[in-house]
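Have a look at the structure below before the remarks.
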There are 2 protein chains.
Amino acid sequence: MKIGELARLAQCTVETVRYYEKAGLLPSPGRTGSNYRHYGDAHLARLRFIRNCRALDMTHDEVRALLGLVDQPESDCGGVNRVLDEHIAHVDVRIKELKQLKQQLVALRQSCHGEQAVLACGIVQSLATMETETRHERQTHLG
Amino acid sequence: MKIGELARLAQCTVETVRYYEKAGLLPSPGRTGSNYRHYGDAHLARLRFIRNCRALDMTHDEVRALLGLVDQPESDCGGVNRVLDEHIAHVDVRIKELKQLKQQLVALRQSCHGEQAVLACGIVQSLATMETETRHERQTHLG
DNA sequence: GGTTGACCCTATAGTAGCTTCAGGGTGTCC
DNA sequence: GGACACCCTGAAGCTACTATAGGGTCAACC
């Protein structure tokens, strides 16, 4: 099949497919006489795998790691489990970070007591003077 | 003060300060005879404001909106409250998304029943065959 | 035979928010 | 005058794409 059909079947764009090829996630397919990419079912399966991983917010490095493991089908699946467990841990960390962030934001929001002037607004004053001991270094790739 | 001291006081890097200037968040300071940037306390206050907003995961657009409001100190602070409320809503949405993602991941993780071969692993099989009706479009700038 | 339209190709630039690097100038101490 | 910390600009790199420019291919229709 040609790239347009592949993309449709995997629910992504043609540009994304070409991008994955350049990024080394999807192997380069054969070409027709007119230089069109020509894909088979194995390509579709691999692309679906990649899209599913991406839908689960894995990075390309994580996907690459999984694909590397899948390409050794007789080896045991401990590595797969490990990648997933680490990814779940990333998600957990990010949820905790965001919950803490929300608390900070709600507290900040409450420091405005309905004044009229921006000058007197508790939010603006806090943002201007807060010493950022509250800095959080992002622990994961999840923004 | 020079850029190095400013950066130290605001807990960021010199490069970040120059980047904020180019991005239009921090006004261009005066220059010394040897073309060094020369900052005053107003610059420090503004930089701290920006860094605090960024520590709260606001985008540059959100920060720009807040700075625009702050620069009209007599106007009322309803706009500030609105920016904050919207940002809190973004954070809420992202927390919900991540919780749902975690559920998917945990379910996927449980589909491995301790097989040895990658080929038979329920995780790998799911990732290869799942139809991604579970696709989630990101609703916010928070990754 | 010409042309329309859907599809394909490559290469490049843009997105956010920085970080890093190359290649230089400045200022002060010893 | 040499070492070293600091400053400057401009461009490239990061992630995971998306978009754009400028072209080639193929089948159908008139």
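Lettering of chains follows the sequences in order, A, B, ..., and the numbering in each one begins at 1.
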Are OP1 or OP2 of D:dC8 and a side-chain N or O of B:Arg18 less than 4.0 angstrom apart?
yes
Atom CG of B:Asp57 and atom P of C:dG17 are separated, to the nearest Å, by 10 Å
Measure the OG1-CZ distance between B:Thr16 and B:Arg54 for me, rounded to the nearest 0.5 Å.
10.0 Å
Are B:Thr13 and C:dT19 close enough that a side-chain N or O sits under 4.0 Å from OP1 or OP2?
yes
Roughly, in whole Å, what's the span from CG in B:Leu47 to P in C:dG17?
16 Å
Straight-line distance of A:Leu25 CG to A:Leu66 CG, nearest 0.5 Å:
11.0 Å
Polar atom pairs (N or O), protein with nucleotides 10-15 of chain D, under 3.5 Å:
none

Whether B:Arg54 contacts C:dC18 is assessed here as follows: a side-chain N or O lying under 4.0 Å from the phosphate OP1 or OP2. Is that the case?
yes
Determine yes or no for a side-chain-to-main-chain donor-acceptor pair under 3.5 angstrom, with A:Asn52 supplying the side chain and B:Met130 the backbone.
yes
Tell me whether B:Glu62 contacts the main-chain N or O of B:Thr59 through its side chain, where contact means a donor paired with an acceptor under 3.5 Å.
yes
Please check the phosphate of D:dT18 (OP1 and OP2 only) for any side-chain N or O of A:Thr16 closer than 4.0 Å.
yes
Does B:Arg64 or B:Glu15 map to a spot on DNA chain C nearer the 5' end, using the closest nucleotide for each?
B:Arg64
Check every atom of D:dT18, D:dC7, C:dC9 against the side chain of B:Val14 and return the nucleotide holding the closest atom.
D:dC7
Could you give the distance from NZ (A:Lys102) to NE2 (B:His87), rounded to the nearest 0.5 Å?
12.0 Å
In whole Å, what is the span from the CG atom of A:Leu25 to the P atom of D:dA16?
9 Å
Rounding to 0.5 Å, atoms CZ (A:Phe49) and CG (A:Leu67) come to a distance of 5.5 Å
Under a 4.0 Å heavy-atom cutoff, the residues of residues 30-38 of chain A touching DNA chain C are A:Arg31, A:Asn35, A:Tyr36, A:Arg37
Determine, using the 4.5 Å side-chain heavy-atom cutoff (strictly less than), whether B:Leu26 and B:Leu44 are members of one ILVMFWY cluster.
yes
Rounded to whole Å, the NZ-P distance (A:Lys2 to D:dC26) equals 8 Å
Whole angstroms only, please: what is the CG-C1' distance between B:Leu26 and C:dG17?
15 Å
What integer distance in Å separates B:Gln11:CD from C:dC18:P?
15 Å
Calculate the interatomic distance between B:Glu21 atom CD and C:dG17 atom P; express it in whole Å.
18 Å
Set of salt bridge (charged side-chain N to carboxylate O under 4.0 Å, His left out) partners for A:Asp61, sequence neighbours left out:
A:Arg64
Less than 3.5 Å apart, any donor N or O on the side chain of B:Arg51 or B:Tyr20 sitting next to an acceptor on the other?
yes
